[in-house]
Each structure stands twice: as structure tokens, then as C-alpha cells.
Number of protein chains: 4
Amino acid sequence: MEATKRDAILEAALKLFANRNFDATTVPMIAESAKVGAGTIYRYFENKEGLLNVLFQKCITEFSEVITQSLSGSENNIRNKFHRIFNGLFTYTEERPEGVVFLSYQNHDLYLDEESRQMSQEFFEFLYHFIEEGKQEGVICELSPEVIISIVFGSFKEVYLNIRSGSIHYSKELIVDVENCCWNAIKR
Amino acid sequence: MEATKRDAILEAALKLFANRNFDATTVPMIAESAKVGAGTIYRYFENKEGLLNVLFQKCITEFSEVITQSLSGSENNIRNKFHRIFNGLFTYTEERPEGVVFLSYQNHDLYLDEESRQMSQEFFEFLYHFIEEGKQEGVICELSPEVIISIVFGSFKEVYLNIRSGSIHYSKELIVDVENCCWNAIKR
Amino acid sequence: MEATKRDAILEAALKLFANRNFDATTVPMIAESAKVGAGTIYRYFENKEGLLNVLFQKCITEFSEVITQSLSGSENNIRNKFHRIFNGLFTYTEERPEGVVFLSYQNHDLYLDEESRQMSQEFFEFLYHFIEEGKQEGVICELSPEVIISIVFGSFKEVYLNIRSGSIHYSKELIVDVENCCWNAIKR
Amino acid sequence: MEATKRDAILEAALKLFANRNFDATTVPMIAESAKVGAGTIYRYFENKEGLLNVLFQKCITEFSEVITQSLSGSENNIRNKFHRIFNGLFTYTEERPEGVVFLSYQNHDLYLDEESRQMSQEFFEFLYHFIEEGKQEGVICELSPEVIISIVFGSFKEVYLNIRSGSIHYSKELIVDVENCCWNAIKR
DNA sequence: AATGAATGAGGATTCATTCAT
DNA sequence: AATGAATGAATCCTCATTCAT
């Protein structure tokens, strides 16, 4: 019953931050949506910015886990790993529809603390590692891991945001197609 | 020295909106950055939201023009047109480094007026048209124009944002490489 | 000690609006005078204009009640009723010295909402009714009720304002005298 | 051509102050209505408050003159003098429909300077004098001049304001009737 | 003399945060 | 522990006033 209240706040905040953006979300909005008194939020989080950081860290951890898990036990085939990562993206997306949107806001940079930045960094390093592996095997093109990640993640994000806004119609096949596009973009 | 004051405000606002986002930018910030009294902003723009819309329309117009011009006189080869469009993206980006960032903020949706939406719509329709052409010629893959644009624009944006933040090192060759990746992503 | 804060605001606002007028009263003035934070006002009232309307409705209700009560159980003699109404005026005036001043500001028209206008209308209709009765009995002169009310209320208001400003010295007899003057003005 | 601009400003200000009240009138409003640049107003008047005082003094002077003139050459009959004064009121009202409204705003007190107060005082003293005369002749009742003036002026003002707002329909006969009511109110 | 663009002090209002209950 | 009323700093915006032209 205790962790519940904290979770309710995190859940409510995630939805609001993703749909309305951090600055356009007021603390009373979060409180109301979480069915909690406004003051209660300050029992669990230092302040609004602290809440943002806890949420960011939570999301990026979950995200990492989904991606990591989706890779576990996979054969050494890079293309197959890529498929699993891409699937992980969508798995996470289905579990927490707002997670990716939230994580991909640029202007969070203004508010993220050192720890959050660190975790974000680590996650990307994990991906860079995968890319390096692919490059060494000669199946991924010779661009810096940062560029390759940007191409794949940028595409994915944009497609997803448009699915969310209704501009793009979602289907299982679409995901497969987008994955292929992305792979074609970065394969050697 | 005449239209200067209005321009100074627009310039200052563009930088702040792109770097900090609309909600995190205060009117006094814009005023200070534009070296103008806070009240002066209201002589030229209805209010902060009005300023956003004027700025959005200005940027999207400039952007359209650069893209359109970069296509003028080009042969009927789709791959070549694609090259020119991609180049246009980077040309605009160099002219107005904050323009693309500003234009691509999702949360603008909350504040854009009908006219801005309209112009945004028209610009995308122009691109859709190009994609349809490529699909009919059989050189672009059979995905909806929205998806294809998302893949290319998403990649470009993400790479650009990382160049901006310093995570990715810029070079002429990089642009060529990214263009090739994007083309590989969407070609049939 | 419960509804007190809201009441303190209303009381402070009434005094300031009556003495200085709506436009010349600032929200911080009201807050200070009510010994309340400026933000607190907005917990109880939609905005400054909303506060004006709540106050107006409260005063006109109190005023109506005093007048209505002062008539209750009175014999059917018009002159006697007039006496009671006039007394009601002064009773209300003594209870809420600023009420009449506040209610009689012309420029409220700019800010009153539909409900306030309605209530004002109803109150005057009650008075018109009384006048009509007197006219039918042949004891009040043949002018429109609006004119008769204006003569009596105008006289009363002006005398009262001058008592307030110190130009006229108040006494029990004065009220009786003014009442007689007003009656002489409108009797047949 | 010179005095014209000043007059245009005074004329415009009178209308706006009377219709909207001092605080709700902005200097640019006056400038626009007077077809003058906003800065020009400060060539002729010290500031907005100074303009109010000049205007007040102008109106009260004109008002005094109309009343005084209407008495000139009149026989020594008090009732007749009263008739002339009352007529003067309406004459002034027709010449400068906004003058009376403007002069009768209570909250001017906040802004009037010593001279304006003085002139206001003097004008009322003139009227008091007339009342004293009537009392000595035994035709006006034994109330203080301030009270008697309040009764007459209060009635007149209220009727006039209601004519202006459309609640009361104007006619020549109405004026005569109201005059009679007022006289009945104060006669011995 | 006349203008009106420019200013910034000051007003209304919002909202993160505190704290008494 | 939980609340939400209360606060006042900070925001957007207005407008009296100045001053370069």
C-alpha cells in the first residue's frame, strides 16, 4: 500500500509529461491525476524536477532491461540481434506507451541531473557496443556508432510519434517494414 | 536599422525556443536577449503565443523555399532529387541552425494556430508528392509517404541534434553518408 | 474561524471598492487589507471581476432582505410602507456602511455578469411594484416608477455620501426630515 | 489651430472619462479619439491626472456659468429662481451631455487637486447661498443647505443617468415634472 | 510642435512549495 | 503519513510616460 502511492504519482506524471511536456504540467495536475494530495508528492520526491529525474531513471532502466532481455540467449547473428533490439523497442512501447515519448524529449536536458545523464550515457554505450560488434563482423556500415544509433532511433521515434498522433496507421507489418528500412540504412 | 527591432526579437526568440523550448522561455529572457524592453515585444506580436506562430510560419516558409529552390531545374531522376532535398535540409540547417530544432518540437502542437498548422500540412504534402512520384517510378519502397518521411526526417533530425549537442562530429562526408543511409532505407 | 478567510477578502474588497472604486483597487491592496496572500484570493474567486460580482450579489441580496423584512407585517398604508422602506435603507446603511456606496457605482455596469444584472433588475422590479401600488391608490404622483425611484434613491444616496464624506452631519432627525422631503417629492 | 488640439484632447477625454471612468481610460485611447499622437497630450497637460483636473475645472466653470447666467435678471421670486437653476442644469446637460456625468463621479476625489476641490467648494457655496435666501424668505424648508442641495442634485443626477442609460425616456414634460417633484421636496 | 516607438514599472494571475492539522 | 489551504515569487501583459526624430 505504501509503494502504491509513489507509483501512482510516477504513473500520472509520466502520462502528463509525455502528453503535455514538463513545463506545461502543474503539480496539482499530477496530484489530481494520481488521486493524491498535492503535498503528498513532496513526501516522495524532492520537488517537481526531482520527480522528473526519478521518472527518467525509472524509464531508462525499464527500457534498458527490455532491450537487454530481448537480446538474451540470442545467437551471434547481428541481423538477428538487430531484429531483437528493434522488437524490444516496440515491446517497451506497448508496455509503456508514454515511456519512449517521455524519454525522447530534447528539452529534458535542462532539468536532468548528473545521475540521469550518466544512465542515459550508459544505455547508449551499451548500444554503441552492439554496433561496434556489427562493424567488426563487417555487416554494419562504417559510420560512428552515434550516427548509426541516431539513424535507427530517430526513424523509430518519428514513426512512433506519428502513430501516436494518428498520422500513421499502426500494424504488425509496419513494424517489420520499418525494421527492414532501418537495417537497410545501416547495413554494409 | 528599421525592421531590426522586430527581427531582433524573432532571432532571440528562435534561439531560446530552440534551445530551451517554448514554456521554459520567459518573455523577459527574449527581451534581454534581443536587447529590447519587455513591452516592446507586444508592439510587434500579439503575445508570446503569437510570437511563436509568427516564428513558426517564418521558419517553415524559409525551409520550404530552400527545399523548393534546391529542387528547381533538377533532372527527373528521383535519386538526384532526393539528393537535392537532403542537401536542402543541410543548407537550411547551416543558414538557421535553430530553425530545424525549433520546427521539430512536438509540443508546439499545443500552441500552433490554424494558419501554422495549415502551412505545416502544405509543406508535408509537398514532400508526400515527391515520395509518390518515386514510388510510381518504382525506385522508392512501398510504404506510405508519411512513414517514409518519418524515417528520413527522423534520422536527419536525430543526427543533427547530436551534432548540435556535440555528440556527433560534423563533416561534409558525414552528410553524404547519412544521405546514403537514408536512401538505402527507403529505396526499393 | 473557518469561512473567515473568504469573508475577510469580501469585507476588504467591499471597503476598497466603495472607497476607491473597482479599477483603482489592486489585488495586492485587497490581499493586504484582508491579511491574506495575494494568491489566496484566487482560491475563493475566479478573478478580480468574479470577486466584484460575488460581492455585488451578496450586497444586493442583503439589501433586498433588509428592505423586504422592514416591510413584513406592515399595514396596507402606502405612506407607512414608504417609511419602512426608507428606514430599511438606513438600517442597511448602518449595518454595511459601504454597501450602498458600492451598489450605486455606475461604472459597475462594465463588469457585472448576467446574474448580477438579473438580481439588480429583480430588486428594482420589487420597488417598481410598490410604486405602482401607490399610484393605483392615488397617493403617489403619476410619474413612471423608474423616475420616482430615481428621485428617492438619488436623494438618499447623495445625502448619504455627504454624511460619509463629513459634509453633512448625521442625526436621527435628519433621516426623518429627508424621508419627509422624499415623500413630498413623490406624493400626489 | 493651436487651441484646437488642446480642445480636441479635452473633448475626447471628457467623453471617455464620462463613459468609461478615469481608470478604465488609457492615454492612447484619448489620443486616438482626439486624433492626436499620444505624446502630444503631454505637451498640453502635465499627465493623465493633470488632464483630469483641467477638465474638471473646465466643466465646473462652464457649469457655474450656465447656472449663474440662467439666474441673471431674474425676479426675486425664489420659486422662479429655482426653476431657472433647474433649467440651467438641463441646459448644461444638453450642451455637454457628458459634463454632468463626469462631474458627478465620486471617485474623482482620489485624483482632484487642491484647486479643483476649491472650485467645487465654491460652486456649492454659491448654491448654498441661494438656499439660505429661500430659507430666509420662508419658502424653503429648514434643512441645512447641504442636505437640500443633495436632495435636488441627487434626484437630478439619478434621473439623468437613467435617461442616459436608456432606462428612463426623456421628454420636455419629464423635466418639468422632476423639477416640481424636487421643489415639493424642499419647499416649506 | 507633433509624433509614436520604446520603455519598464506595476498590475493580474499562476503555481511550486510549505505547513498546520 | 497525508492533506490541501495558504503563500508569494515569478510570469505574462498593460499602459503612463519619455524622447529621438
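To find a chain, count down the sequence lines: A is the first, B the second, and so on, and within it residues start at 1.
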>> I'd like to know if E11(A) pairs up with R6(A) as an ion pair, taking the criterion as any Lys NZ or Arg NE/NH1/NH2 lying under 4.0 Å from an Asp or Glu carboxylate oxygen.
In response: no
> Can you list the residues that meet the side chain to side chain contact (heavy atoms under 4.5 Å, CB included) rule with S120(A), with sequence neighbours excluded?
Replying inline: F56(A), I60(A), F124(A)
>> Once side chain to side chain donor-acceptor pair (under 3.5 Å) is applied, do any residues pair with Q121(C), and if so which ones, sequence neighbours excluded?
In response: E125(C)
> What string of B, S and - do you get for nucleotides 13-21 of chain E, 5' to 3', when a contact is any protein heavy atom under 4.0 Å?
Replying inline: BBSSBB---
>> Treating Y92(D) as the side-chain partner and V100(D) as the backbone partner, does any N or O pair qualify as donor plus acceptor under 3.5 Å?
In response: no
> What is the distance from NZ of K35(C) to P of dT7(F), rounded to the nearest Å?
Replying inline: 13 Å
>> Going by the rule side chain to side chain donor-acceptor pair (under 3.5 Å), which residues pair with E32(A) if we only count those two or more places apart in sequence or in a different chain?
In response: none
>> Among R20(D), K15(D), R164(D), which residue satisfies the salt bridge (charged side-chain N to carboxylate O under 4.0 Å, His left out) criterion with E98(D)?
In response: R164(D)
> Nearest-Å distance, CZ (R6(B)) to P (dG4(E))?
Replying inline: 20 Å
> Rounded to the nearest Å, what distance is computed from the CD atom of residue E32(B) to the P atom of nucleotide dG8(E)?
Replying inline: 12 Å
>> Please report the distance, rounded to the nearest Å, between CZ in R20(B) and C1' in dT11(F).
In response: 14 Å
> Taking OP1 and OP2 of dA2(F), is either one under 4.0 Å from a side-chain nitrogen or oxygen of Y44(A)?
Replying inline: yes
> Rounded to whole angstroms, how far apart are CE on M29(B) and P on dT11(F)?
Replying inline: 7 Å
> In whole Å, what is the span from the CZ atom of F45(C) to the P atom of dA5(F)?
Replying inline: 14 Å
>> List the residues meeting salt bridge (Lys or Arg N to Asp or Glu O under 4.0 Å) with K58(A), not counting sequence neighbours, and say none if there are none.
In response: E62(A)
> Does a side-chain N-to-carboxylate-O contact under 4.0 Å join R117(A) and E122(A)?
Replying inline: no
> With Watson-Crick and G-U wobble geometry limited to distances under 3.5 Å, how should the secondary structure of DNA chain F be encoded in dot-bracket form, using | for bases paired to another strand and [ ] for crossing pairs?
Replying inline: .||||||||||||||||||||
